[in-house]
Amino acid sequence: MSDPTRPHGARIIAVANQKGGVGKTTTAINLGAGLAKIGKKVLLVDLDPQGNASTGLGVDSDRRKFTTYDLLLGDTSLQDVVQKTELKRLSIIPATTDLSSADIELYSNEKRLFLLHDALRQRAIDGFGFDYILIDCPPSLNLLTVNAMVAAHSVLVPLQSEFFALEGLSQLMLTIREVRQTANKNLRIEGVVLTMYDSRNNLSRQVENDARENLGDLVFKTVIPRNVRVSEAPSFAMPVLDYDPTSKGSQAYRALASELSKRHKLVKA
Ligand code: ADP
Ligand code: MG
């Protein structure tokens, strides 16, 4: 039975952008931490074979016996794949390089587009009581990313505040449209969040203006500044919210969590 205090179950959000290094993993970790800190139960699904989200949250390789790969294959129980992190209310399904072969191996599977969907929409997930499931996608529009888009209610797009940032978006939007037409007609765009923003830099401001002009309300009011504490935190295996709670990066991710959750107005117990 679904939880009566969460009539809609978990909101599943794919954090995607086919460009590498734009802040997907950083956003998945720190938005997840921000949501957990305002009382939401959050699951982060590491869908990148590089496993950066797993490392960044301190899941060492010896604790990656069961991974997202097992989740996709569907032969391992959720109890085994879902792990707690140091942060209360934040859980993770870690990834290893196994996942890179999944992209190829799964092509012969006729349900290949729906593996993550079926895994995350199974009844047993209700027992965990997650409010949010964030999927950290790999830097490509491959089968893994399409699985995330098919499984998700929405896509959250980190956009690095640099030249050409908006150009990559059209390809991403095209993929979202294709997924809507084929496998997930209700897929929405959760929003676009500007990352690594430098207010002293004209280019950052120009990217922001262009994004707001072209995408309007889809762009989050919260902007994530470039902040060295954000980039240091993963090597201490913590979200920046714990590594340096008063840093600008930490404040921004808390604001993003609050902006996102206000949009949803989830029913609280
Ligand atoms: P992606 O997952 O899209 O490949 P990452 O989240 O791994 O991108 O970020 C790429 C690099 O940029 C990482 O080294 C990360 O620490 C750094 N980074 C991300 N966001 C910020 C930020 N707001 N300020 C400073 N460095 C950042
Ligand atoms: Mg990443």
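All of these numbers come straight from a predicted model, not from anything done at the bench. We count ligands from 1, going down the list as the structure has it; atoms in each ligand are counted the same way.
The heavy atom nearest to atom 24 (N) of ligand 1, out of those in Asn227, Val228, Val240, is found in Asn227. When Met196, Arg229, Gln50 are ranked by how near their heavy atoms come to atom 27 (C) of ligand 1, first place goes to Met196.
Between Glu232 and Arg229, at least one side-chain N (NZ, or NE/NH1/NH2) sits under 4.0 Å from a carboxylate O, which counts as a salt bridge. Residues Asp242 and Lys37 are paired through a salt bridge, judged by an N-O separation under 4.0 Å between the basic side chain and the carboxylate.
If you look at Thr25 next to ligand 1, the close heavy atoms, those under 4.0 Å, come from the backbone and the side chain alike. Only the backbone of Pro225 comes within 4.0 Å of ligand 1, counting heavy atoms alone; no side-chain atom from C-beta on gets that close.
Contact between Pro139 and ligand 1 is absent, with no heavy atom of the residue lying under 4.0 Å from the ligand. Taking 4.0 Å as the cut-off, Gly23 counts as a neighbour of ligand 1 on heavy-atom distance. Residue Asn52 places every heavy atom at 4.0 Å or more from ligand 1.
Among protein heavy atoms, the minimum distance from atom 4 (O) of ligand 1 is reached at Gly21 N, 2.7 Å. In this structure, atom 14 (O) of ligand 1 lies nearest to the protein heavy atom Ser231 CB, 4.9 Å. Distance from atom 13 (C) of ligand 1 to its nearest protein heavy atom, with residue and atom name: Thr26 OG1, 4.7 Å.
By the definition of a contact as any protein heavy atom under 4.0 Å away, atom 9 (O) of ligand 1 is in contact. Within the 4.0 angstrom cut-off, atom 19 (C) of ligand 1 has one or more protein heavy-atom neighbours.
A donor-acceptor pair is defined here as one N or O able to donate and one able to accept, closer than 3.5 Å; such a pair exists between the side chain of Ser204 and the backbone of Asp198.
The shortest N or O to N or O distance between Val22 and ligand 1 is under 3.5 Å.
Residues Leu57 and Pro239 are in side-chain contact: their nearest non-hydrogen atoms beyond the backbone lie under 4.5 Å apart.
Here Thr26 does not reach the Mg ion (ligand 2): none of its N/O/S atoms is less than 2.8 Å from the metal.
The contact set between ligand 1 and Ile224, taken as ligand atoms under 4.0 Å from a residue heavy atom, comprises 23 (N). When each atom of ligand 1 is checked for a heavy atom of Val230 under 4.0 Å away, the hits are 20 (N), 21 (C), 22 (C), 23 (N), 24 (N).
Grouping the Ile, Leu, Val, Met, Phe, Trp and Tyr side chains by contacts below 4.5 angstrom, directly or via other members, places Met173 with Leu194.
Between the side chains of Asp136 and Thr25, at least one donor N or O sits under 3.5 Å from an acceptor N or O. Tyr253 and Thr27 share a side-chain donor-acceptor pair at under 3.5 Å. Side-chain contact annotation: Thr55 with Arg64, donor-acceptor N/O pair under 3.5 Å present.
A cation-pi geometry, defined here as NZ or CZ lying under 6.0 Å from the six-membered ring centre and within 45° of its normal, holds between Arg263 and Phe220.
Enclosure of atom CG in Asp217 is not indicated, since only 12 or fewer non-hydrogen atoms of other residues, nucleotides or ligands lie within 6.0 angstrom.
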